[in-house]
Amino acid sequence: MLVLGIETSCDETGLAVYDTERGLLARALHSQVAMHEAYGGVVPELASRDHIRRVVPLARRVLGEAGASPADLDGIAYTEGPGLAGALLVGASVAASLAYARGIPAIGVHHLEGHLLSPLLAARPPAFPFVALLVSGGHTQLMRVAGVGRYRLLGETLDDAAGEAFDKTAQLLGLGYPGGPAIARLAESGAEGRFRLPRPMHASGDLDFSFSGLKTAVRDLVRGEILDAQTKADIARALQSAIVDVLVAKAAAAVRATGLARLVVAGGVGANRHLRSRLDAEAARCGFEVFYPELELCTDNGAMIAFAGALRLASARDRGSATGGAVAAEGPGPHAFTVRPRWDLAALAPAAELA
Amino acid sequence: MNLIAIETSTERLSLAASAGGRVRESTRVVGQRHAELVLDALDALLAEAGLDRRDLEGVAFGAGPGSFTGVRIAAGVAQGLAFGLGIPVLGVSTLEALAEPAGAPRVIACLDARMGEVYCAAYERSGEAWTAVAEPVVCPPEDVAVPAGRGWLGRGSGFAAYGDALRARLGDALAAIEAEAFPTAAAVLRLATPRLAAGAGVDPADAQPVYVRDKVALKTSERG
């Protein structure tokens, strides 16, 4: 089953072709980061305007690399939510219309499900069940994943996402947008221990997070310091250490609480090297395994959407059902394309057990 | 030619299909439910016209100006269909589509652009075609271009929202007003047909909305 995946939920246009027999055949990504930089953040209308310029050329490119044409496709997967409404609509409208033109199914995929399942695309995929730490600019969640569509929320951030704390600190340090990777680079040359930031909810006893207080703590810190290069690096180091400490402690607690032996890390912050080495050390100490997606699949991409869509389409086909896993809304006809800017992952229906 | 046209720049969902010279149209008020309804409505219209989607030879769409999201849905659907079917696309100005069905030879097409502004253009009919006397712009109603001469028909929601300001601005040039008029897919189809027949259709990647209002955010350096 050959599936085209289209991701347009925020500021990256991601396209990919996945084949259920041959695996990931091609992928392409256009990042809008440079365009939004001048505005200090993502401008939703400009994001939408860019997506509609990129989708068809990128679709052509990945199909070409996969040696396929639209006529060879068996299904189209697109990100249905959560994300920016206008941006989601671009991917949804092209996907649904292309599917209609070819007489093949279109399936809306939950963006976070894409992230959650992306480690399964790696050379060494984890088996179900596992604990997933989903950590990005928009999300910080711990989930118990028993299978495709079988997710139980264990804990999540009560305010800002971890990636947001990175981005906002970067802004305070004048590092531009988006700041996560810049903070991580700077932290390499920072001195451990010169500044000490709080570890919010470290000992809360549950699996929830809170990162908004860190931003305030950094702001107070910045106010009292002369921001030379070393000071910036030391603050970056302190921030990264604080966030990583909390993420590692909560992820390990989630593994203990569920009694599972596998931890999967997904989302943009999952690319952070310090986080990876600390999690590896914790896993070795506590006796569990950690799985990461390929670095390129940590951030938003079309491959995870093509993959998650293909799993659901294949599962629906095997059950003889035309629909995918999304809970069917009432009213709309078979070719309706809806988007869900806000969409709870727990509302997803499970796919049939996969071989 | 077997063609379809999609116009979703207003709160209406308007579709038209031509098969063997016969045109069918479907237009209704849907608010913001275009995405949910457009493909099923298109499917029904094609069935009514006895057209298989694979028999289509071109797709036309209302490219704007109008609702940003609306014109992007039209463009996205046109792109997806054309890419899947391997056929050309043609975007048509919503203001020209607004002028097209008028019985008069001189039309000031004007749509409410919100935020105290209108999308406005002036067209003069010469034979079967329209010539833009004033190209589409977005501006306050007090600043619209006043075309030369008299006998201009004012059409569109701009005249419903800012009738007094536009009447004051256009003065003697304005002969009559049809404020209830809106761009339809049938008008888009009529304008697109000779152009697509002449090979003016483009690749789906080049089928882009025309927003006219291009300043949508301030850069960090522009903020006070």
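Excluded from the calculations below are hydrogen atoms, water molecules and symmetry mates; all remaining heavy atoms, backbone and side chain alike, are included. A note on names: the letters A, B, ... follow the listed sequences, proteins ahead of strands, and every chain is numbered from 1. Treat the numbers as computed from the prediction; the structure is a model and nothing was measured.
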Review point. What are the residues of residues 2-31 of chain B, in order of number, with any heavy atom under 4.5 angstrom from a heavy atom of chain A?
Key: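 Counting heavy atoms that sit under 4.5 Å from chain A, no residue of residues 2-31 of chain B is involved.
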Point to revise | residues 83-94 of chain B: residues contacting chain A (heavy atom under 4.5 Å, by number) | key: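 Counting heavy atoms that sit under 4.5 Å from chain A, the residues of residues 83-94 of chain B involved are B:Phe83, B:Gly84, B:Leu85.
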Among [options], which residue has the highest count of heavy-atom pairs closer than 4.5 Å to chain A?
| options | value |
| --- | --- |
| B:Ala78, B:Pro204, B:Gly76 | B:Gly76 |
| B:Asp43, B:Val216, B:Ile73 | B:Asp43 |
| B:Arg54, B:His34, B:Gln208 | B:Gln208 |
| B:Thr220, B:Leu37, B:Thr69 | B:Thr220 |

Between [X] and chain B, which part of the residue has a heavy atom less than 4.5 Å away: side chain, backbone, both or neither?
| X | value |
| --- | --- |
| A:Leu58 | neither |
| A:Arg53 | both |
| A:Ile52 | both |

Practice item. Any chance you could measure A:Arg49, atom CZ, to B:Tyr211, atom OH, to the nearest 0.5 Å? Key: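 Between atom CZ of A:Arg49 and atom OH of B:Tyr211 there are 5.5 Å.
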Check your understanding: At what distance, to the nearest 0.5 angstrom, does NE2 of A:His335 lie from CD of B:Glu36?
Key -> 14.0 Å
Go through the atoms of [X] and report whether side chain, backbone, both or neither lie under 4.5 Å from a heavy atom of chain A.
| X | value |
| --- | --- |
| B:Arg223 | side chain |
| B:Asp206 | neither |
| B:Leu218 | backbone |
| B:Asp214 | both |
| B:Leu81 | both |
| B:Arg72 | both |

Review point. Counting heavy-atom pairs under 4.5 Å to chain B, which of A:Ala96, A:Gly86, A:Pro57, A:Ser48 comes out on top?
Key: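 Most pairs with chain B among the choices: A:Ser48.
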Check your understanding: Can you tell which of A:Pro70, A:Ala38, A:Ala92 has the highest number of heavy-atom pairs within less than 4.5 Å of chain B?
Key -> A:Ala38
Check your understanding: Hey, mind stepping through A:Phe337 and B:Val77 against side-chain contact (heavy atoms from CB on, under 4.5 Å) and telling me if it holds?
Key -> CA-CA 11 Å; A:Phe337 53 94; B:Val77 170; 3.9 Å; yes
Review point. Which residues pass the salt bridge (Lys or Arg N to Asp or Glu O under 4.0 Å) test with B:Arg169, sequence neighbours left out?
Key: none
Review point. Partners of B:Glu222 by salt bridge (Lys or Arg N to Asp or Glu O under 4.0 Å), sequence neighbours excluded?
Key: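 Here the qualifying residues are B:Lys215.
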Point to revise | Minimum heavy-atom distance B:Ala205-A:Arg60, with the two atoms named | key: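 For B:Ala205 and A:Arg60, the tightest heavy-atom pair comes out as CB-NH1, 4.1 Å.
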Practice item. Determine whether more than 12 heavy atoms belonging to other residues, nucleotides or ligands lie under 6.0 Å from atom CD of B:Gln32. Key: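 Atom CD in B:Gln32 is not packed in, count stays at 12 or less.
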